Asker: 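The structure under discussion is supplied below as structure tokens; questions concerning it will follow.
Owing to the predicted nature of the structure, the values given are computational and were not obtained by experimental measurement. Every chain is numbered from 1 and lettered A, B, ... according to where its sequence line falls, protein lines coming before strand lines.
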There are 2 protein chains.
Amino acid sequence: MKNRLKVERAEQNLSQNDLAERIGVSRQTINSIETGRYVPSTILALKFAQFFNKPVENLFTLEETD
Amino acid sequence: MKNRLKVERAEQNLSQNDLAERIGVSRQTINSIETGRYVPSTILALKFAQFFNKPVENLFTLEETD
DNA sequence: TGATATTGTAAAGCTAGCTTTACAATATGT
DNA sequence: ACATATTGTAAAGCTAGCTTTACAATATCA
């Protein structure tokens, strides 16, 4: 699964730490999701969507391997 | 987090087992999500959305406690 | 240059997601 | 009534998500 967190974050000029605090998770969680080490829970995905004001599908997209 | 899986399933007249096979998970996973025991991964949420042809936000919604 | 911010990783520890197997309770259909 | 389908749970086992702490590499900026 791919995600656009890094880009969305850049558009808002936020650091991983900023986003982590706004969403309520650790910075490592943000980093791990951005670098593809973790697939977030649906709760987290919905929070990102809410925060960036974009549909979940716009931030996260399935790949063949999923 | 609430979800509308049971309703969507009923609208399509599908059993938990049917949905499980279509999505590619075990029946217990479907049951556990429907009864609120598990929060699915974002990959699973996207698959449900794809299958029911509805946005993730339409199937899963955050609650205060999330 | 020197100090600070940002990002990438790693490890340990705990919890949660998912699987398989299994059984009971209820609903459906002949 | 009987057989079958559906749903709810449970337990064991494994993997993945998330936390905290910590350190190194790179970028930013006075």
Asker: Would you mind classifying the nucleic acid contact of B/Ser15 as base, sugar-phosphate or nothing, using non-hydrogen atoms under 4.0 angstrom?
Answerer: sugar-phosphate
Asker: Think A/Lys6 has a side-chain N or O under 4.0 angstrom from the OP1 or OP2 of C/dG8?
Answerer: yes
Asker: Is B/Ser41 near enough to C/dC18 that one of its side-chain N or O atoms lies under 4.0 angstrom from OP1 or OP2?
Answerer: yes
Asker: When the distance from CD1 of A/Ile43 to C1' of C/dT15 is rounded to whole Å, what number comes out?
Answerer: 13 Å
Asker: Whole angstroms only, please: what is the CZ-P distance between B/Arg27 and C/dC23?
Answerer: 14 Å
Asker: Let's test this: given Watson-Crick or G-U wobble pairing with both distances under 3.5 Å, identify the partner of D/dA22.
Answerer: C/dT9
Asker: Any side-chain N or O of B/Asn31 less than 4.0 Å from the OP1 or OP2 oxygen of D/dG8?
Answerer: yes
Asker: Taking CG from A/Leu19 and P from C/dT6, how many angstroms apart are they, rounded to a whole number?
Answerer: 13 Å
Asker: Between B/Gln28 and B/Pro40, which has a closest nucleotide on DNA chain C that is more 5'?
Answerer: B/Pro40
Asker: Given 3.5 Å as the limit, does a donor-acceptor pair link the side chain of B/Asn13 with the main chain of B/Ala10, or not?
Answerer: no
Asker: Starting at CD1 of B/Ile30 and ending at P of D/dT7, how long is that distance when rounded to a whole Å?
Answerer: 11 Å
Asker: Give a yes or no on this: more than 12 heavy atoms of other residues, nucleotides or ligands lie within 6.0 Å of atom CZ of B/Arg22.
Answerer: no
Asker: Could you give the CG-to-C1' distance, from A/Leu14 to C/dT7, as a whole number of Å?
Answerer: 15 Å
Asker: From C-beta outward on A/Glu34, which listed nucleotide comes closest to its side chain: D/dC18, C/dT19, C/dG8?
Answerer: C/dG8
Asker: Just the rounded figure in Å: distance from P of C/dA27 to CG of B/Asn17.
Answerer: 19 Å
Asker: Check this for me, if you would: do A/Glu34 and A/Arg9 make a salt bridge, where the nitrogen-to-carboxylate-oxygen distance has to be below 4.0 angstrom?
Answerer: yes
Asker: Whole-Å distance between D/dT19 C1' and A/Tyr38 OH?
Answerer: 9 Å
Asker: Rounded off to whole Å, could you give me the CG-to-P distance for the B/Leu5 and D/dT6 pair?
Answerer: 17 Å
Asker: Rounded at 0.5 Å granularity, tell me how far CZ in B/Phe52 sits from CG in B/Leu14.
Answerer: 6.5 Å
Asker: For A/Arg37 and C/dT9, is the shortest distance between a side-chain N/O and OP1 or OP2 below 4.0 Å?
Answerer: yes
Asker: Side chain of B/Thr35, heavy atoms from C-beta onward: which of D/dT9, D/dT19, C/dT7 has the nearest atom to it?
Answerer: D/dT9
Asker: Measure from the side-chain heavy atoms of A/Val39 and tell me the nearest of C/dG17, D/dG17, C/dT20.
Answerer: D/dG17
Asker: Is any NZ, NE, NH1 or NH2 atom of the basic residue among B/Glu63 and B/Lys2 found under 4.0 Å from an Asp or Glu carboxylate oxygen of the other?
Answerer: no
Asker: Side chain of A/Ile33 only, please: which of D/dC18, D/dG17, D/dC23 is the nearest?
Answerer: D/dC18
Asker: Determine: side-chain N/O of B/Ser26 to OP1/OP2 of C/dT19, distance under 4.0 Å, yes or no.
Answerer: yes
